There are 2 protein chains.
Amino acid sequence: MKMSTRGRYGTRAMLDIALNYGKGPVSLKDMAQRQEISVKYLEQLIPPLKAVGLIRSIRGAGGGYTLTRHPSKINLLEIMQSLERTSPVDCLDSPDVCPRVKKCATYDVWKEIQESTNNILRSLTLADMMERQHVKSNKS
Amino acid sequence: MKMSTRGRYGTRAMLDIALNYGKGPVSLKDMAQRQEISVKYLEQLIPPLKAVGLIRSIRGAGGGYTLTRHPSKINLLEIMQSLERTSPVDCLDSPDVCPRVKKCATYDVWKEIQESTNNILRSLTLADMMERQHVKSNKS
DNA sequence: TAGAATTCCTAGTAATACAATAGGATTTTC
DNA sequence: GAAAATCCTATTGTATTACTAGGAATTCTA
């Protein structure tokens, strides 16, 4: 029932890029400072995010990363799914791994949990997160 | 975002005991055969379940385990919480581990997810699961 | 009262996944 | 051509998880 740092750091990174939307690319160096995550670790989260087409990179000095779509068109489920296995239990993704699936009463429970978390993540866009971030920043 | 086998096997074990409610204790040997989990591994799930008072043991030949309450009075959250860390992220249980908690927009998301899964688990009792199990068994 | 069946207890191990680091190649700007 | 970035691959450390092992203690039954 644990979420890995990949997914968590990755969404923070995406939010960081989103907050600079329309103002040019964000470098890992800057991101690393703001988010207090090492550049080297952030570097590893980038390829999967690029692979699913959520971000675009600009190489060389002055380069960095930008979103490929408007923040309101990217939801957290997309981000999480590209970075980690979102399924709480293997049998949900590949029912073949367990011969008990059909007669297993608990199977349905894990499925219900997966669906509810996916719904939450899908309902939240980066634009929503930007809004929340602003509210939080103003309060403190 | 993964759930450990402890929690999953544990709930299956509890359901197994529940299905024998009122008919005497269930031995690990029998449970192991039905659930296809080694006795030795099941043995390790027992102490935490006993510690929170969900089951009672009867030692010696003919012994085994019984529920301490009616199946309708035991929910899955109690079981899971005794067996594994149910929090998807450490900062939810102990906000001190991360100084960013207050300004972290993603924190609220993980919290929402935790609450929704906890609600699902809390809403399901072993009696519900027994019912589901019977439906599944009759169908196949 | 012996022996079989069971829970109880503690330790140990093997495998896996996770988190993080290292070093250098490539691209682009100025 | 130097600096600032991304890009790529490998490696290491570490923690957790899953599982096994061996034997002590308890209780039932014949």
Side-chain angles (χ1 to χ4, degrees), chain A residues 1-13 16-17 20 24-33 35-51 54-66 68 80 83-91 93 97-98, chain B residues 1-13 16-17 20 24-33 35-51 54-66 68 80 83-91 93 97-98:
Chain A
M1 212 109 127
K2 236 180 67 188
M3 191 168 281
S4 80
T5 56
R6 282 176 69 85
R8 290 183 286 126
Y9 287 7
T11 50
R12 272 167 56 192
D16 194 285
I17 299 173
N20 213 50
V26 178
S27 75
L28 288 187
K29 194 182 163 200
D30 291 351
M31 212 188 297
Q33 278 180 353
Q35 301 297 327
E36 298 170 80
I37 303 172
S38 84
V39 172
K40 284 299 185 183
Y41 195 53
L42 280 175
E43 236 178 11
Q44 292 203 316
L45 309 180
I46 296 294
L49 292 168
K50 274 186 71 173
L54 292 176
I55 57 175
R56 179 193 352 265
S57 66
I58 296 160
R59 301 187 68 170
Y65 302 90
T66 57
T68 55
M80 290 298 284
L83 290 167
E84 63 175 79
R85 190 167 199 65
T86 58
S87 176
V89 174
D90 287 343
C91 58
D93 282 343
V97 301
C98 180
Chain B
M1 214 112 124
K2 236 179 69 187
M3 190 167 278
S4 81
T5 54
R6 282 175 70 85
R8 290 182 288 127
Y9 287 7
T11 49
R12 273 167 55 191
D16 195 286
I17 300 172
N20 214 51
V26 177
S27 75
L28 287 187
K29 194 183 163 201
D30 291 350
M31 211 187 297
Q33 279 182 353
Q35 301 297 327
E36 297 170 78
I37 303 171
S38 83
V39 171
K40 282 301 185 181
Y41 194 52
L42 280 176
E43 234 177 13
Q44 291 203 317
L45 309 180
I46 295 294
L49 292 168
K50 273 185 71 172
L54 292 177
I55 56 176
R56 178 195 353 265
S57 66
I58 296 160
R59 302 187 68 171
Y65 302 90
T66 57
T68 56
M80 290 297 285
L83 289 167
E84 62 177 81
R85 192 169 195 65
T86 58
S87 176
V89 175
D90 286 344
C91 58
D93 281 343
V97 300
C98 180

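Chain letters run A, B, ... following the sequence lines, proteins first, then strands; residues in each count from 1. All figures in this text were calculated on a predicted structure; none of them were measured in a lab.
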**Q** When you measure from the side-chain N and O atoms of A:Ser27 to the phosphate of D:dA5, is any distance below 4.0 Å, counting only OP1 and OP2?
**A** no
**Q** Please enumerate all protein N or O atoms sitting under 3.5 Å from an N or O of nucleotides 26-30 of chain D, with distances to 0.1 Å.
**A**
unit_1 : atom_1 : unit_2  : atom_2 : d
D:dT27 : O2     : B:Ala61 : N      : 3.3

**Q** Is there side-chain contact between A:Gln35 and A:Leu42, with at least one heavy-atom pair below 4.5 Å?
**A** no
**Q** To the nearest 0.5 Å, tell me how far A:Thr66 OG1 sits from A:Arg56 CZ.
**A** 5.0 Å
**Q** Roughly, in whole Å, what's the span from CG in B:Leu83 to P in D:dA18?
**A** 11 Å
**Q** Sort me out a list of protein N/O and nucleotides 20-23 of chain D N/O pairs below 3.5 Å, or just none if empty.
**A**
unit_1 : atom_1 : unit_2  : atom_2 : d
D:dT20 : OP2    : B:Ser38 : OG     : 3.2
D:dT20 : O4     : B:Gln44 : NE2    : 3.1
D:dG22 : N7     : B:Lys40 : NZ     : 3.3
D:dG22 : O6     : B:Lys40 : NZ     : 2.3

**Q** Rounded to the nearest 0.5 Å, what separates atom CE in B:Met80 from atom CZ in B:Arg8?
**A** 9.0 Å
**Q** If you take all heavy atoms of B:Val97 and B:Cys91, which pair is closest and at what distance?
**A** CG2-CA, 3.9 Å
**Q** Closest heavy-atom contact between B:Ile37 and B:Ala32?
**A** O-CB, 3.0 Å
**Q** Taking all non-hydrogen atoms of both residues, which atom of A:Met31 and which atom of A:Ala13 are closest, and how far apart?
**A** SD-CB, 3.7 Å
**Q** Less than 4.5 Å apart, side chain to side chain, heavy atoms only: is that true for A:Ile46 and A:Leu28?
**A** yes
**Q** First contact, last contact: which nucleotides of DNA chain C are these for chain B, 5' to 3', heavy-atom distance under 4.0 Å?
**A** C:dA5 to C:dA11
**Q** Are the side chain of A:Ser57 and the backbone N or O of A:Tyr65 linked by a donor-acceptor pair below 3.5 Å?
**A** no
**Q** Over how many whole Å does the gap from A:Ile46 atom CD1 to D:dA5 atom P extend?
**A** 14 Å
**Q** So which one's nearest nucleotide on DNA chain C is more toward 5', A:Met3 or B:Leu28?
**A** B:Leu28
**Q** Could you check whether any side-chain N or O of B:Arg6 sits under 3.5 Å from a backbone N or O of B:Leu83, counting only pairs where one atom can act as donor and the other as acceptor?
**A** yes
**Q** Of the non-hydrogen atoms in B:Gly63 and B:Ser27, which two are nearest, and what is the gap between them?
**A** O-CB, 3.9 Å
**Q** Tell me: CG of A:Leu45 to P of D:dC7, nearest whole Å?
**A** 13 Å
